[in-house]
There are 2 protein chains.
Amino acid sequence: MSEALRPMVKSRLYEQVLERLRAYVSEAGLKAGDKLPAERELAASLGVSRASVKQAIVVLEVQGLVEARHGGGTYLVRDTLDVEPVEQLVERRKRLPEVLEAREALETKLAELAAERRTDDELADIRDSLDFMRDEIIGGGFGVEGDRRFHAAVTAAAHSSLLADFMKTIAGQITESRNESLRQPGRPHRSLAQHTAIYEAIAAGDPKKAAAAMRKHVRTVAKVRLLDWVPED
Amino acid sequence: MSEALRPMVKSRLYEQVLERLRAYVSEAGLKAGDKLPAERELAASLGVSRASVKQAIVVLEVQGLVEARHGGGTYLVRDTLDVEPVEQLVERRKRLPEVLEAREALETKLAELAAERRTDDELADIRDSLDFMRDEIIGGGFGVEGDRRFHAAVTAAAHSSLLADFMKTIAGQITESRNESLRQPGRPHRSLAQHTAIYEAIAAGDPKKAAAAMRKHVRTVAKVRLLDWVPED
DNA sequence: GTGGCCTAGTGGCTGAGCCACTTGGAGCGA
DNA sequence: TCGCTCCAAGTGGCTCAGCCACTAGGCCAC
């Protein structure tokens with residue numbers, strides 16, 4: 001109660017940086033794909049430390065408004081730094097089933113191609129991602145990052161730049177579904193088993209088996225997501 | 001295209017910290033209000049720098065899952081660190097009109113009381129927040145922080161711990177509406193004018209005028225929000 | 001008991017620095 | 001001239017060490 005009368009939250013510096021950044025983007029008329037000033041430069045011109053600028057950028061990153069490329073600069077994903085209104089979120093969510101259908105089509109083929117075309121190095125990459133996932137899960141994590149690496153490695157091993165490009169366009173939504181799916185009870189271990197099956201088929205050079213294993217995996221993910229989202233209309 | 005086949009995003013360290021943190025909370029059975037380990041401690045036990053831990057905490061902060069009190073530790077807001085599913089977001093959103101009604105009731109009375117009870121120091125605080133808001137707007141910002149400080153200062157000046165507690169329970173949703181409202185074109189300046197009117201009434205010790213000015217202001221905010229959210233059902 | 005004070009604990013922020021990765025151009029060879 | 005390699009500059013990722021501001025809790029004086 002003594003605390004109730006005081007200001008409710010202290011403003012954090014990164015929040016002010018955030019606001020300045022948003023204002024800058026709209027004033028400078030930056031569009032999707034445009035490059036933001038370098039972190040060191042921003043820190044200098046805003047008169048704050050680089051760490052604070054970093055915190056602001058991290059926030060924009062998790063909100064999907066910005067993409068930071070290691071060594072290559074930070075880029076706008078949309079034409080603005082404003083957070084997506086709830087309405088659009090819902091809209092996007094309604095299109096998720098479509099995305100998961102598309103994912104099934106693409107990844108099934110990718111697994112098939114990977115089984116045929118993978119080099120030994122690429123197979124090792126897939127194996128590494130599987131190990132990483134296992135470590136994550138053993139360490140109490142969900143294996144999110146390992147899952148991501150696995151699918152990226154399979155995509156690379158398929159040697160189809162066109163399919164890879166398609167995957168890229170739905171990568172964001174897949175990430176979303178991955179995060180949610182892997183948080184379900186017992187999910188990480190089941191996921192690990194399914195990925196292992198995919199890996200083994202690819203290692204054995206068996207395209208049909210790889211495709212089947214991948215299809216089963218993607219459908220597992222999709223089913224959960226489709227079930228827990230029942231639009232009221 | 002050469003880039004299309006490579007892993008799509010590199011994992012950031014703060015994301016892994018995030019995952020560990022979530023796992024920790026669920027394993028340790030922490031509940032809303034419980035204290036997280038200190039940043040230095042987390043950094044040490046996770047084997048990462050404090051800056052990375054900080055980035056993860058900032059993410060949790062903007063997602064409203066955690067509250068960091070300067071000098072007082074970091075606390076869970078809910079029973080979990082998982083992000084709120086879209087469904088609940090929509091649910092909460094539907095209750096927003098109610099919140100804004102409640103806000104009108106509370107803040108109108110708070111303004112009235114502040115006009116009667118404010119000390120000179122408190123009046124100065126309100127004045128300061130107004131100046132801060134003006135600076136923000138001149139500097140290209142939206143005046144979000146100044147707005148927050150203004151209402152906090154008025155609440156303090158009203159000397160009603162009960163009303164202040166009520167305000168606290170809807171503070172989160174008010175913040176949300178503030179962020180969105182102030183981003184509308186021309187909004188910051190109009191907001192500044194309305195706040196100035198409230199300030200002047202409080203300074204003059206005119207409770208009726210203060211209440212009226214506050215009511216007008218809150219209704220402006222509410223109207224915009226109510227208009228742009230039309231549930232489909 | 002009450003109130004003020006002091007100190008340890010903790011978050012906020014900074015500055016300097018190293019490493020990893022990207023990019024673009026210089027320079028070399030065919 | 002074209003194309004390739006390689007390197008240096010630019011930039012993000014992360015760490016370390018440290019200072020300051022604020023909070024909380026215990027101690028002490030009254």
Side-chain angles (χ1 to χ4, degrees), chain A residues 1-21 30 33-62 65-77 125 145 148-149 152 156, chain B residues 1-21 30 33-62 65-77 145 149 152 156:
Chain A
M1 139 139 141
S2 64
E3 193 222 357
L5 291 177
R6 322 230 123 270
M8 326 191 184
V9 212
K10 229 338 191 10
S11 170
R12 304 280 126 89
L13 188 52
Y14 73 82
E15 286 178 348
Q16 301 185 38
V17 172
L18 231 27
E19 198 155 317
R20 291 302 206 88
L21 242 33
L30 296 191
D34 286 352
K35 188 162 171 282
L36 247 42
E39 291 181 5
R40 290 166 175 83
E41 194 181 327
L42 283 173
S45 58
L46 291 178
V48 302
S49 77
R50 205 182 140 206
S52 297
V53 170
K54 197 83 239 295
Q55 292 180 3
I57 289 181
V58 163
V59 170
L60 294 173
E61 227 177 349
V62 301
L65 299 171
V66 121
E67 181 193 351
R69 304 177 196 154
H70 189 177
T74 305
Y75 297 81
L76 275 186
V77 169
D125 284 346
E145 170 62 11
R148 190 195 63 67
R149 289 192 192 182
Chain B
M1 133 133 146
S2 66
E3 191 225 355
L5 290 178
R6 322 228 127 271
M8 326 191 184
V9 215
K10 232 338 191 13
S11 171
R12 304 281 123 91
L13 188 53
Y14 72 83
E15 287 177 347
Q16 302 185 39
V17 173
L18 231 27
E19 197 156 316
R20 292 303 206 87
L21 242 32
L30 296 191
D34 287 352
K35 189 160 170 285
L36 247 44
E39 291 181 5
R40 289 166 176 83
E41 193 181 327
L42 283 173
S45 58
L46 292 177
V48 303
S49 77
R50 207 182 139 204
S52 296
V53 171
K54 196 83 240 295
Q55 291 180 3
I57 289 181
V58 163
V59 170
L60 294 173
E61 227 177 349
V62 302
L65 300 171
V66 121
E67 181 193 350
R69 304 179 196 153
H70 190 175
T74 304
Y75 296 82
L76 277 186
V77 170
E145 171 61 12
R149 290 191 192 183

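The sequence lines fix the lettering, A, B, ..., with proteins before strands; numbering per chain opens at 1. Scope of the values below: all heavy atoms of this structure, side chains included, with no hydrogens, waters or symmetry mates.
- Residues satisfying the side chain to side chain contact (heavy atoms under 4.5 Å, CB included) criterion with B:Ser49, sequence neighbours excluded, are B:Ala51, B:Ser52.
- Rounded to an integer number of Å, the gap from B:Gln55 CD to C:dT14 P is 14 Å.
- In this structure, the side chains of B:Leu42 and B:Val17 stay at 4.5 Å or more apart for every pair of heavy atoms.
- Look at CG on B:Leu42: it is 13 Å from P on D:dT15, rounded to the nearest Å.
- Scanning for side chain to side chain contact (heavy atoms under 4.5 Å, CB included) contacts around B:Leu36 gives B:Val25, B:Leu30, B:Val66, B:Thr74, B:Leu76, with sequence neighbours left out.
- One finds no side-chain N or O of B:Ser52 lying less than 4.0 angstrom from the OP1 or OP2 phosphate oxygen of D:dG13.
- Atom CD of A:Glu19 is separated from atom CD of A:Gln16 by 8.0 Å, given to the nearest 0.5 angstrom.
- Considering every non-hydrogen atom in both A:Leu46 and A:Arg20, the closest pair reads CD2-NH1, 3.9 Å.
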Heavy-atom contacts, protein to nucleotides 7-12 of chain C, under 4.0 Å, summarised as B (base), S (sugar-phosphate only) or - (none) per nt, yield --BBBB
Donor-acceptor pairs under 3.5 Å, side chain of residues 54-62 of chain B to any protein atom, not counting sequence neighbours: which ones?
| residue | atom | partner | partner atom | Å |
| --- | --- | --- | --- | --- |
| B:Glu61 | OE1 | A:Tyr14 | OH | 3.2 |
| B:Glu61 | OE2 | A:Arg12 | NH1 | 2.4 |

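- If you take OH of B:Tyr75 and C1' of D:dC22, they are 12 Å apart, rounded to a whole angstrom.
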